[in-house]
Structures are given as C-alpha cells and as structure tokens.
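Here the structure comes first, spelled out in structure tokens, and everything after it is commentary.
Convention: sequence-line order gives letters A, B, ...; per-chain numbering from 1. Just so it is clear, the values below take in all heavy atoms, side chains as well, and ignore hydrogens, waters and symmetry mates. Small disclaimer: the values here were computed from a predicted structure and weren't measured.
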Amino acid sequence: MPQTQHVGAERDRVDGPAKVTGHARYAAEFPVDGLLYGVIVTSSIARGRITAIDLDAALAVPGVVQIFTHRRRPESDWYKHDFSDDVAPPGQPFRALYDDVVHFSGQPIALVVAEEFGIARHAATLVKATYQAATPETDLQTVAHYTPPKARNGIAPPPARRGKAGDAPLRVEGEFRTPFEYQNPMELFAATAVWDGDDKLTVYDKTQGVQNGQNQLAKIFGLKPDHVRVVSHYVGGAFGAGLRPQYSLFLSAMAARALERPVRVVLTRDQMWSIGGRPATIQHVRLGAGPDGKLQSIEHDAVGSTSRYEDQQENIVNWSGLLYPAATTSLGYKLGKLDLVTPNDMRAPGAASGVFALECAMDELASEAGIDPVELRLRNYADRDPAEDKPFTSKELRAAYRLGAEKFGWGERNPAPRSMRDGHELVGWGMATGVWEALYVPHTARATLTADGKATIACAASDIGTGTYTILTQIAADALGLPMEDVTVCLGDSKLPTAPVEGGSWTAASAGTAVHIACSELIGKLLEQARRLNDSPLGAAGRDDVVLAAGRLQLRGDPAKFVTLGDALRAGGLDHIDAEGSAKPDQSVAEKFTANTHSAVFAEVKVDAELGVVRVTRLVIAVAAGKILNPKTARSQLLGGAVFGLGMALHEESMLDHRFGRFMNRNLGEYHIPAHADIHAIDIVFVPEQEDHLNPLGVKGVGEIGVVGTAAAIANAVHHATGVRVRELPITIDKLLPGL
Amino acid sequence: MRASSTDLPATIEISLSVNGRRHRLSVRPWDTLLDVLRDTLDLTGTKKGCDQGQCGACTVLVDGARINSCLALAVMKDGAEVTTVEGLAKDGELHPIQRAFITHDAFQCGYCTPGQICSAVALIAEGHAGTREEIREMMSGNLCRCGAYANIIDAIEQVMGEQAKGGARGASRPDERTAR
Ligand code: FES
Ligand code: FES
C-alpha cells in the first residue's frame, strides 16, 4: 500500500462515540410503529412428543393477540423449505413450531404475541404443554460414536494415519475432557420483523451474517432475495452464536406476516442455551518421544457432541498433525448424537478444545523428559506443515516463543512443581502453543467518493465488536488520501455488497482487501475522468502512476501535476464516483502453502494451598498474525480471547442433568464467565511477521487466536503450582483439593 | 389469593425524571424500570443482558446510586431522578469516563458498555475504590463477554487519577444504597 498513515497505527474505534453514549442501536432497539412483542415458550422435556398445549388461560389475557404453536400457525408451504443456511452442517436444520416432535429441552414450542412485553411474558407462563416423553440421551460417554458420513463444508476430516506405532522410549498418555460451553454474548438474541405488504420484509436481527439470514428468509417465504432486508448495524457480541440464523429470526417474520403487524422476539438468557454452543469433547492423546524429547508419534482421538438431527463438525485433532512433526501421526474424530440442540461454532471452534489436550500432553512430556516446555516445542518445531508437507505462508512462532518468554520472565522458572510460593498461595508458571487458520475468503465492497471529498465504504459484513468499522475506515482513508473523519463505513445491511458470515477471523483480511481494491478501482475510474480534461496534467498517467491525496489526483513522483477531485468529476459530468472491489483468494496459494496464525501463551497462577482457589495473576500472549492493521483494536480482540480462554480454563461449564436431558445452570449467576475480579495482568505481544502470500494486505486475523492455547497454559501452570494434573475442564476446586 | 389470571393489573401513574426531563407515565406494576426506559421512553442505551440481576448491562443511576434497572419495578421509583448513559454527556461534551473508554478501547461490541460506564461513574462518586484491585472488585457486577476488563480498569483509573489531581469530587456523593 502506498500511503500508510492510518493502517498499522493505533486508532480509536470509529463507532466509539455511538457506543459510549448509548446511541448505537442493536437488534431489539429499532423503534417501530404498532409493534407487538413475542415471548417464546420452551419445552420442559428433552425428547418425545407434545400431546397437547393448553392455551385457554393464556389466550384469555387481555392484550394477547395470538399464540402460535405447531398446530396454530399459518398453513403454508414455508416449512417445505429445508431451513438450511450458508453455514449449516449436514442434516435437517431445526424448524421452530414445525411439528410435535421435541428434539431438545428448551425447544421453542409456542410464541405468545401481545400488545405489551409484560403481557406476553405473563401469558407465556400460563401456557401448559403436556408431553409423551421418551428417555433422553445426553451423556457423550455412553452414546454410540460414529464417523460422520458426510463431512461439513470447510471442515477437513482428519488425514489418514502415517507410520505405525513404535515403542518410543518416552510415552505420555491421557484422557482430556471439555464441557459444553455457551457463547453467551451480552446481547440477547432478538429480531424485529416488519412486512411491507406480503412480499417485502425487513428484519432487524442479531446476526453475524445479514445475507445468510436474508437468503434463509427468502427461501422459506418464497420471496425475491432483494425483497428481504436484514439489518444488523451493531451486534452485542456473538462469538459464533450468530453465524447461523437463529429461530428468533424466522419466528418474528412468521408472526409478523400472519398478524400483519411488526413483531419483536427477544430470547431470555435461559433461552440462550437453546441456540448452539461449544460441543463437549472426550479426547485421548498419546505422545511418544525419544530421550531428547523429539516426537516419534502423535496420536489424538476426539469425540465431539452433536444433535440427533445435524452432524455439526469441527476441526479438533488436525492441529496435532500440524503443530509438530512426528513419523507416526494418527488422528481420529467421531461424533456422538445427543438429545440437545445442535452445537455451533464457538470462538476458535475445535482448536480451543483440541489444542488444549495436545498442549497439556506436551507439558506432561516435558516433565517426563526433564526438558523445559519451551525448549521441547523448539526441538519439535515444524518449519513446514508436517501433515501436507508444504511451506507456511509465514510462521514466526519461534520468535513468539522467544518474545513471550522474555516478556514473561520464563527464564527464571524452577521446573519443579510446587517450588514457588507466595504466602499462602502456590505459584505456578505454564505455557502452551496456540494456532488458528489464517483464512482469506471471497468478499466484496463498494467505495463511493463525492465531490465534497467524502467517502463511503459499504459491504454486508458485520462488526460484532471486532473493530471492522474502524479498520475499514483506516484502509479507505489511506487508499483515498483522506482523514478518517471523511470516511463513513456502512456494514450490517443485506442490501450492501456481498459478504460471507463474519467468522473464522477472516473478515479483516477479506473485507479489508475488498475495500482496498474498491478504492484502487475508484482511483482508476477517477483517472479516466481526469484524463478527459483538455491538457490534462495526467494525460499520460497510468493507474499506478497516480495517488489521491487531499482531494487531488496527483502524479506519484511529481505532486505538482494534479487534477482536483472536483475537476475530474466535472469532466465527466458526475457528482460522485464509485467502484466495487472483490477479494478473490488465489487457489494456487492454498495449494502451495499452509496459512496459520500462531501464538505462545504464558500463564502465572496462584493457587490457595489449602482452599484450592485458583487465580490467573499474569498472562502473556505473543501472537504472530501477519500485519496488524490497528494495534489498539487488535490488542483488544486478543485480550478478549485471553479472557475467553481463561473462562474456559477455570469457569465455564454447562451442567447437564442426564435424567432430564436438561442443562441446570442456564443463567449468568450459575454459568460462570470471567468477571472484573478474575482478570489481572494480561500482556499482548505482537510478533513482527511479514506475510507476502495470503492477501495483498498481509493480514491474518486475530479474532480466535487469543483463545487457543490459553486454557492449556493455565492448566500447565496449575500443575506447576500444585503438582496436580487436571485433564478435565474447567479446573475447579473440587478437582484440585484431593491432590493438594 | 391469586387474582384471576385473565385480569390485567391496572396501570399506575408515576412520575420519573430521566436525564433531567420529567415524564408522567402510566405503567403496570410488573413493568421494570429497564423496560420502561427502553420500550416506553425509547432510551435504548440501557441494555438488557439477562433481565435477572446477573450481568449489570442495565445499570443506571437512580438518585445518584447505581442499580440494576431490571430488578427495579418502575412503580418503586416514582419521583426518582434517573440518569442513563444518554444523560451523561453535557452539551455535546462527553463525560470524562466516556472519553476514557474511547481512549483506552474499553469495549468491543459495546453492549455492556453503558452499564459499565454508569457503574464506573457511580463507583468514582462512591469514593470507596482506591486501588486497581478495589476497582475490579467493585466493578464485578458488570460482566463483559468481549473481555474488555483490563481496558475498562485502565479507563476508570485514569479518570479517578485526574479527578484526584484536579481536586474535583464526584458530582454528588450518593447516600448508601437503600431501597426506596
Ligand atoms: S439486565 Fe439487569 S442485570 Fe442483566
Ligand atoms: S464490550 Fe462486548 S460485552 Fe463488553
């Protein structure tokens, strides 16, 4: 990029003022005339059939307008469509109020619509369903485990086994478990649907993919896609929960259509457990190594949970064949069907769970071999992708280990467990490696420049708190030679240029490149106009010879030769100029290279020697993720990832009562996520990494990488502090106390 | 005895001053202050994250003290002075805490932010928190799933430091929190 005044520099979030003043409107906050309020009633059983729903009392409440159930809903073809969406896994997606079958506890079975929220909420308590209940199966340990017959799009099944198991001198082996976790963004899922006649629909939705929702609604209701508009300017967090359209979207649109009035449906916090979450896993890791710690074999098998009706899949084990070379590599992945809602992708899906197990096992191997954990990883460093025998587009993981270790003071570590103490607390230091894919996907964007020198950037991407508004502003400001204040970025509206769902850490690279190209195209078009002027000073200039700066299109080497924006536009009789840009990944790059982000995570814990209470007093995460567009917002994403990983390590667990197939702790008081008091010093170190292959910006994305490895580093630190290995997350007092 | 479920409870007239503007409202006894702010007054800056007192997203100042507005019935606050996040900026000038939140990038999605900000304003006025540890402890009712905690504490610490230096006290030191 020629001018980089803003890209790469710390910049305040451009949506900051809207967010700190309360003026940013989220899905449930768009005022609409004649609005009705929908409250969902959920099933109390996990498996079986609804035999009857008694609505008499609820319908008798004044102000109740309608109650929808599977027997009281518009007779239509809507349900003939498959409800699939751009990121659906193989299977039959859930259709709310379709029939009497109950697939999971907490399934929506009725929608009460009333004139006031309070009335709907009250009437919903009066709905009484009776069931023919079957025994639910929700124990991943005891159900059958199978290889999914159809792979999920974008999720590679484990590669074939390489080599045969030998008798390595050093062996470690363990079973690791991770629980059901839920994204629990602070904003509740919500949708407000407004029909204009019976063929035009607008929904204000909470989503990571406005066009994914748009396409789903268009299919279900048989509408032209451009007659459906899904708007989501601000998203109060999502972490993967908003990748697939949630049932609030369909229910609001269905009710609004039937009642010919706008309807808003907001989930309760309790109902946020019925929209996905991170699948539980049971994993076995076996490592074999020589006395020098060099890995000879890596075996990693995982079982992940899914629902009965869909095969949700994630990449849990492939990382183990990617991070370290070994002559024997055996990776396995199976699913177990449970009577629960289909899980979805939760921040760093697969990697968060799988790398936890691998990196804890590596720590065990380091202890076994008597080798420092960082040194063990350096001895097993993969300079090429061992699984596919390809070079990496870039990989500065070695530097990440070094810089992270320096920042943390790792060199002072006494390797013996229980060797450090601070008063009544045992102190432990642990580390782990983190890895995530560096994804770059097709994306489009439009740039518009008006005669007054103001630019608008538009694409249908979402900013779920990641900073997309800000980095796109920076990229456009640099490309168009404008101050950031003169650039407006429009996102989260399905009528804008095509964007995929916002996930996988690909948005910065993909949307960013699309904006960069759109701006470049725009300058090209402007140059065409400028050259039409009589005696144009740019008459002989080509696209690469000019830059736009301060409202002048000027020769790169000779700024005195210029045409003003106004003159160029006037030459063409235009009041504005616009251009679209597309990010198009080059297939040959993917064939030739493997692209990943990497991190080295270092953790200090203090464990109360008698009570077993764990505090994470320091975290250092050194991240190699290519070019960092905005260190301020990128750091925040990584801090957030670290906090997410800390929650995974110590707090988060949705607890099932298998008798009822029901999660017991469906609220933020009992499903613990980190609070202010849990968070102490966190340092983010950006490791310089030159990325030349992946995309023109050299960007890799930082949304997930902060999560990966963090739980393992904390678990390893807990072992160092206490001598106790906890292989089942979260690391709670009950698991530590017996060993203290 | 339970009233017949088919009767709606009658509405009750209350008066609320919100961000300096007095409103006469007729509310049902079950309407929370949070829902009245968001749905009736269209002050959607105050967020609903759980509706059961567990997240702090709905934090507002009532007579200077921070409360979870989802746990307060509007009828209990008849006559109260309420300040929401929309009322903190004066004449287009952001409140120092709002400015510090932007400078320190103390939010990502922004959904917990109004609650964090109102809570921080009250925390400073309460005058009990001195150290970072104390700020953390006393802000722990405000969850942030984006994990902006470190930056939030930086923002609060900065403003507390400036106010201490400037000798400025919190606008008003609220009374101990008591139920009205
Ligand atoms: S909405 Fe009031 S505490 Fe969560
Ligand atoms: S900024 Fe997203 S929850 Fe705090």
Side-chain angles (χ1 to χ4, degrees), chain A residues 12-13 15-26 28-29 31 57 60-63 116-119 121-122 126 183-188 234-239 266 268-269 464-467 632-633 635-637 639-644 667-669 673-677 679 681-682, chain B residues 5-8 28 30-32 35 38-39 42-55 57 84-86 88-89 94-95 97-99 101-103 105-114 117 133 135-153:
Chain A
D12 290 346
R13 241 167 245 271
D15 45 346
K19 285 178 174 174
V20 301
T21 55
H23 295 306
R25 287 195 188 257
Y26 298 74
E29 300 174 352
V61 177
E116 297 171 18
F117 170 66
I119 294 174
R121 181 180 54 188
H122 168 61
L126 304 176
Q183 288 92 348
N184 276 308
M186 294 317 302
E187 182 196 13
L188 300 166
Y234 295 102
V235 183
F239 314 110
V266 184
T268 61
R269 181 53 63 182
I464 57 174
T466 43
K632 191 175 219 173
T633 53
R635 175 174 171 271
S636 289
Q637 266 191 294
L639 287 174
V643 172
F644 224 81
N667 62 75
L668 294 173
I673 62 172
H676 273 288
I679 302 305
I682 308 178
Chain B
S5 54
T6 55
D7 294 337
L8 280 187
R28 294 197 197 278
W30 62 35
D31 289 337
T32 63
D35 287 332
R38 282 169 66 83
D39 295 341
D42 192 32
L43 289 169
T44 54
T46 306
K47 303 303 183 195
K48 183 184 283 192
C50 68
D51 220 6
Q52 55 194 137
Q54 295 178 331
C55 77
T84 71
V85 71
E86 290 97 337
L88 291 176
L94 294 183
H95 186 284
I97 275 283
Q98 291 173 312
R99 266 206 309 277
F101 264 57
I102 294 176
T103 311
D105 207 33
F107 53 90
Q108 294 171 45
C109 78
Y111 200 80
C112 73
T113 310
I117 286 176
E133 251 356 88
I135 301 174
R136 285 190 183 110
E137 196 60 40
M138 295 177 199
M139 285 296 292
S140 282
N142 290 87
L143 297 177
C144 173
R145 188 54 158 163
C146 294
Y149 294 125
N151 292 347
I152 295 171
I153 302 302

- [ ] Side chain from CB out, backbone as N, CA, C, O: work out which of these in A:I682 comes under 4.5 Å of a heavy atom of chain B, or both, or neither.
- [x] neither

Open item on the list: Strictly below 4.0 Å, N to O, side chains only: are B:D31 and B:R28 in salt-bridge contact?
Closed with: no

TODO: Could you tell me which portion of A:V20 (side chain, backbone, both or neither) has an atom closer than 4.5 angstrom to a non-hydrogen atom of chain B?
DONE: both

TODO: Please state whether the side chain, the backbone, both or neither of A:T268 comes within less than 4.5 Å of a heavy atom of chain B.
DONE: neither

Task: Charged tip of B:R145 within 45° of B:Y111 ring normal and under 6.0 Å - done: no

Task: Derivation and outcome, side chain to side chain donor-acceptor pair (under 3.5 Å), residues B:T46 and B:R38 - done: CA-CA 7 Å; B:T46 306; B:R38 282 169 66 83; over 6 Å; no

- [ ] Output the option from B:L143, B:T103, B:D105 having the highest count of non-hydrogen pairs under 4.5 Å with chain A.
- [x] B:D105

Open item on the list: So which residue, B:T113, B:D42, B:I117, ends up with the most heavy-atom pairs under 4.5 Å with chain A?
Closed with: B:D42

- [ ] Considering non-hydrogen atoms only, spot the tightest contact between A:A24 and A:K19 and give its length.
- [x] CB-CG, 4.1 Å

Open item on the list: So for A:Q637, is it side chain, backbone, both, or neither that comes closer than 4.5 Å to the heavy atoms of chain B?
Closed with: both

Open item on the list: At a heavy-atom distance under 4.5 Å, which candidate from A:A681, A:A28, A:P674 has the highest pair count against chain B?
Closed with: A:P674

- [ ] Quick one: which of A:S636, A:G669, A:G236 has the most heavy-atom pairs under 4.5 Å with chain B, could you say?
- [x] A:S636

Open item on the list: Run the salt bridge (Lys or Arg N to Asp or Glu O under 4.0 Å) test on A:E187 and B:K48 for me, step by step, so that the C-alpha distance in whole Å, both residues' side-chain angles and the decisive distance to 0.1 Å come before the verdict.
Closed with: CA-CA 7 Å; A:E187 182 196 13; B:K48 183 184 283 192; over 6 Å; no

- [ ] Let me know if A:T633 has heavy atoms under 4.5 Å from chain B in its side chain, its backbone, both or neither.
- [x] both

Task: chain A contacts, top residue of B:M138, B:H95, B:E86 (heavy-atom pairs, under 4.5 Å) - done: B:E86

- [ ] Against chain A, label B:L94 side chain, backbone, both or neither, depending on which of its atoms sit under 4.5 Å from a heavy atom there.
- [x] side chain

Open item on the list: For B:Q54 and A:N667, which I'm curious about, is there any donor-acceptor pair between the side chains at under 3.5 Å?
Closed with: yes

Task: Pairing of A:E116 and A:R121 as salt bridge, 4.0 angstrom limit - done: no

Task: Non-hydrogen atoms of A:L188 and B:G49 that approach each other most closely - done: CD2-O, 3.5 Å

TODO: Answer yes or no: is there a donor N or O on one side and an acceptor on the other, between the side chain of A:R13 and the main chain of B:F107, under 3.5 Å?
DONE: yes

TODO: Could you have a look at B:A89, B:C109, B:A150, B:G53 and say which one has the most heavy-atom pairs with chain A under 4.5 angstrom?
DONE: B:C109

- [ ] Please determine, among B:D51, B:L88, B:D39, the option with the most heavy-atom pairs under 4.5 Å with chain A.
- [x] B:D39

Open item on the list: To the closest 0.5 Å, what do you measure between CH2 (B:W30) and CG (B:D35)?
Closed with: 12.0 Å

Open item on the list: Looking at chain A, which one of B:A106, B:G147, B:G141, B:P114 has the largest number of heavy-atom pairs inside 4.5 Å, strictly under?
Closed with: B:G147

Task: chain B contact via A:F644 - which portion, at a heavy-atom distance below 4.5 Å - done: side chain

